[in-house]
Amino acid sequence: MNLNELLTDAVAGAINTLYGMRPSLDIIQLQKTRKDFEGNITLVTFPLLRISKKSPEETGANIGGYLKENTGIVSGFNCVKGFLNLIVSDAYYINFINNSFGNNFYGFKPPDTGAEKIMVEYSSPNTNKPLHLGHIRNNLLGNSLCRILEANGKHVIKTNIVNDRGIHICKSMLAWQKWGNGQTPESSGKKGDHLVGDFYVKFDLEYKKQISELVAGGMQEEAAGREAPIMKEAQEMLRKWESRDSQVLELWEMMNQWVYSGFDVTYKRLGVGFDKIYYESDTYIIGRDTVLEGLKKGVFYQRPDSSVWVDLTKDGLDEKILLRSDGTSVYMTQDIGTAQIRQTDFSPDKMVYVVGNEQNYHFKVLALILDKLGYSWAKGLYHMSYGMVELPEGKMKSREGTVVDADDLMDDMIDTAKAMADELGKLEGLTGLEKEDTYRIIGLGALKYFILKVDPVKNMVFDPRESIDFNGNTGPFIQYTYARIRSVLRKASDAGIMFGEKIPERINIGNKEKSILAILYDFPSVVAEAGNNFSPALIANYIYDLVKEYNQFYHDFSIIKESDGNLRNFRLMLSDMVGTVIKNGMGLLGIEVPERM
RNA sequence: GGUUCCGUAGCUCAGUUGGAUAGAGCAACAGCCUUCUAAGCUGUGGGUCGAGCGUUCGAAUCGCUCCGGAAUCACCA
């Protein structure tokens with residue numbers, strides 16, 4: 001039982017003894033004591049007054065007195081305006097650190113064989129252009145979510161569905177055919193995904209040109225969009241692809257390979273990975289078969305032009321197309337197929353989709369369709385929806401060239417880390433390789449933390465200047481604290497100072513130290529909460545609070561230089577444990593921590 | 001127009017199941033390195049929690065109505 005549970009029990013006992021009535025647990029409201037008051041945990045007395053039939057002050061005094069006498073956890077209390085502030089005994093926290101010290105996995109639940117099996121889909125790129133800032137948020141959230149779920153003892157399967165087919169890829173392919181002159185990543189010296197993306201842009205330019213020519217010739221804009229010759233060519237190419245035209249397939253394979261090798265570099269740098277990768281070119285057929293089956297069973301219906309639809313008007317939604325009139329698949333068809341294959345392959349209890357909130361409607365429809373098809377596992381679908389990333393000047397727009405490229409961004413962050421570290425002279429004495437690695441850790445730490453500290457459901461603004469700041473509530477600030485701790489521990493070790501002896505309960509610890517202990521104590525419950533809420537941001541903000549508190553302590557107290565041996569031992573253990581929690585917590589965000597910086 | 005989400009300091013964001021005088025960082029200003037890493041610490045200023053009404057001992061938090069912003073309702077993905 002943790003502290004909250006112990007106290008809830010004890011308070012219930014107190015009320016029963018004092019007032020002769022066993023209260024329901026939900027009126028026992030415990031919260032952290034605000035900074036301005038003395039105490040660690042506060043009981044709100046107001047809901048208890050109808051049982052006690054006494055004033056808030058008196059009720060608080062009664063319960064506080066009982067807890068102090070009977071629990072051994074509460075060493076003192078005060079009651080202010082109906083808030084009973086309980087002082088948790090030093091011994092309780094000392095006992096905690098004595099037990100948890102040296103556990104490198106503190107905060108993590110061990111994997112359990114009977115654990116819930118959760119499949120998490122994230123990343124899900126298209127293969128026609130390189131990854132950008134929006135993908136970065138997706139990848140970081142997905143990867144962090146997986147780590148958090150694993151830390152909660154879940155069995156996690158990380159998966160990626162690569163959208164390797166469709167009209168958008170055909171656009172790049174067509175443009176390459178027309179204007180590529182046989183260029184390859186090798187011949188051009190470009191990363192494959194960037195090269196393919198360049199042709200996608202070329203297509204778009206030509207398409208726009210053709211549209212304006214048609215409009216100038218008197219055609220409506222909408223019609224021009226359909227009639228532009230290059231678009232017709234791309235559509236023709238897609239049809240050839242679906243009928244397995246060997247030349248088109250060969251080109252498609254080649255260009256997709258370029259993109260994959262490019263993605264691999266980006267993924268590796270971002271520190272994300274997958275247990276199983278699916279390709280829509282494999283799954284869409286299954287989806288199509290299922291849709292046709294559903295049509296036979298009467299779950300769907302066909303229009304005169306032979307397109308297939310599902311009617312969701314009774315569920316408060318609209319009608320949705322599942323197969324085009326020419327028989328080709330749409331996005332929904334593919335997702336139906338993918339979900340089925342995943343069930344066949346892994347039969348997960350839950351399938352989590354980390355996908356932007358622009359697709360909220362899509363996933364509502366997907367779950368509904370799978371349910372209508374009679375799949376019991378449809379209930380296990382969960383869309384982890386997250387907000388868009390915007391720039392200070394507004395949305396990223398590829399046609400206006402304001403898209404922030406993932407590779408460029410990482411380069412910039414690492415360059416800035418290098419410039420700053422060199423200016424501060426922080427890494428002198430390290431080898432060249434060690435320096436490079438540290439720049440990387442810091443630059444990526446800044447980027448990842450900046451994105452993950454924000455509540456996923458919210459849209460966020462990414463200001464390249466601000467995100468590059470390394471002070472305040474940032475990744476480097478946290479990493480710096482870690483490096484300081486490591487430095488202290490190294491110095492202790494160099495001086496032959498051993499630590500880790502059990503701390504005697506009678507040791508006299510200060511408020512700041514106690515407050516750090518209390519925060520450390522909370523880590524496992526924060527991990528659990530982050531898992532329940534699918535929110536890496538909870539971890540990020542927790543670490544920041546811990547680190548801020550520790551830095552104040554570090555500033556005000558001596559650790560190695562403390563003359564009292566017991567106290568020195570305690571402070572070293574405390575520092576060591578803060579380091580462990582920083583490392584573990586940042587690990588859940590996919591952020592590394594440096595030994596020196 | 002329907003549906004969903006968001007609105008907290010100049011800017012970027014915290015604020016678990018309703019609880020005390022709403023918190024950080026950035027930016028501005030003023031301090032602290034002969035002492036374990038100053039990428040740090042301390043202080044000052046900065047708020048009608050979008051607005052109103054309601055629920056109650058108590059609302060940034062819950063409900064309703066507005067206002068503002070975003071997404072979506074495609075034979076795009």
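Lettering follows sequence order; numbering is per chain, from 1.
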So does K548(A) get a side-chain nitrogen or oxygen closer than 4.0 Å to the phosphate oxygens (OP1/OP2) of G40(B)? no
Under the 3.5 Å rule, do the base of A20(B) and the side chain of N85(A) count as making a donor-acceptor pair? yes
Once you apply a heavy-atom cut-off of 4.0 Å, does D26(A) come out as touching a base, just sugar-phosphate, or nothing? nothing
Strand partner of A30(B), provided both Watson-Crick or wobble distances fall under 3.5 Å: U42(B)
K453(A) side-chain N/O to A24(B) phosphate OP1/OP2 under 4.0 Å: no
Do any side-chain nitrogens or oxygens of K32(A) fall under 4.0 Å of OP1 or OP2 in U16(B)? no
Give a yes/no verdict on base stacking between A24(B) and Y544(A): centres under 5.5 Å, planes within less than 30° of parallel. no
Hey, does F46(A) reach any base, or is it just sugar-phosphate, or nothing, if we go heavy atoms under 4.0 Å? base
Taking only N and O in the side chain of R486(A), is any of them less than 4.0 Å away from OP1 or OP2 of U37(B)? no
Would you say K81(A) places a side-chain N or O within less than 4.0 Å of OP1 or OP2 belonging to U21(B)? yes
Which is true for Q479(A) with a 4.0 Å heavy-atom rule: it touches a base, it touches only sugar-phosphate, or it touches nothing? nothing
Provide, to the nearest angstrom, the distance between the OH atom belonging to Y361(A) and the P atom belonging to U3(B). 13 Å
Which part of the nucleic acid, if any, lies within contact of F83(A), taking any heavy atom under 4.0 Å across all strands shown: a base, the sugar-phosphate backbone alone, or nothing? base
Checking all strands, does A537(A) fall into the base, sugar-phosphate, or nothing category for heavy-atom contacts under 4.0 angstrom? nothing
Face-on cation placement of R165(A) at W252(A) ring, 6.0 Å and 45° thresholds: no
I want to check one thing: is the phosphate of U42(B), taken as OP1 and OP2, less than 4.0 Å away from some side-chain N or O of Q552(A)? yes
What's S385(A) touching, base or sugar-phosphate or nothing? Going by heavy atoms closer than 4.0 Å. nothing
Could you tell me the separation between the CD1 atom of I336(A) and the P atom of A77(B), rounded to a whole number of Å? 13 Å
Students often get this wrong, so: under 4.0 angstrom with heavy atoms, is M597(A) touching a base, only sugar-phosphate, or nothing? base
Heavy atoms under 4.0 Å, any strand shown: does L25(A) hit a base, just sugar-phosphate, or nothing? nothing
Separation of C76(B) P from E358(A) CD (nearest whole Å): 17 Å
Using a 4.0 Å heavy-atom cut-off across all strands, classify I442(A) as base, sugar-phosphate, or nothing. base
Check R239(A) with E236(A), please: is the shortest side-chain N to carboxylate O separation under 4.0 Å? yes
E549(A) and K35(A) ion-paired at < 4.0 Å: yes
Ring centres within less than 5.5 Å and planes less than 30° apart: is that true of F37(A) and A20(B) in this structure? yes
Under a 3.5 Å cut-off for both contacts, is U3(B) paired Watson-Crick or G-U wobble with anything, and if yes, with which nucleotide? A71(B)
Hey, are E57(A) and K81(A) close enough for a salt bridge, meaning a charged N less than 4.0 Å from a carboxylate O? no
Angle class for the Y284(A)/W241(A) ring planes (parallel below 30°, perpendicular above 60°, tilted otherwise)? tilted
Residue matched to C64(B) through Watson-Crick or wobble contacts both under 3.5 angstrom: G52(B)
Residues R440(A) and D437(A) bridged, charged N to O under 4.0 Å: yes
Watson-Crick or G-U wobble partner for A22(B), using a 3.5 Å limit on both distances? none
Please determine if K448(A) and E592(A) form a salt bridge, counting it only when a charged side-chain N lies under 4.0 Å from a carboxylate O. no
Which part of the nucleic acid does V44(A) contact within heavy-atom distance under 4.0 Å: base, sugar-phosphate only, or nothing? base
Between R490(A) and H168(A), who's closer to the 5' end of RNA chain B by nearest nucleotide? R490(A)
Provide the Watson-Crick or G-U wobble partner of A59(B), both distances under 3.5 Å; none if there is no partner. none
Which part of the nucleic acid does E390(A) contact within heavy-atom distance under 4.0 Å: base, sugar-phosphate only, or nothing? nothing
Counting Watson-Crick and G-U wobble pairs only, both distances under 3.5 Å, name the nucleotide matched with U35(B), or none. none
May I have the step-by-step check of side-chain contact (heavy atoms from CB on, under 4.5 Å) for T59(A) and L49(A), ending in yes or no? CA-CA 7 Å; T59(A) 306; L49(A) 302 185; 3.5 Å; yes
Quantified in whole Å, what is the P atom distance between nucleotide U8(B) and nucleotide C49(B)? 11 Å
Would you mind telling me which residue lines up with the more 5' stretch of RNA chain B, N541(A) or T481(A), judged by nearest nucleotide? N541(A)
Is P392(A) touching bases, backbone alone, or none of the nucleic acid, heavy atoms closer than 4.0 Å? nothing
Look at R34(A) and G15(B) and indicate whether a side-chain polar atom (N or O) is within less than 4.0 Å of OP1 or OP2. no
Do any side-chain nitrogens or oxygens of N357(A) fall under 4.0 Å of OP1 or OP2 in A70(B)? no
Touch check for K320(A), heavy atoms < 4.0 angstrom, all strands: base, sugar-phosphate only, or nothing? nothing
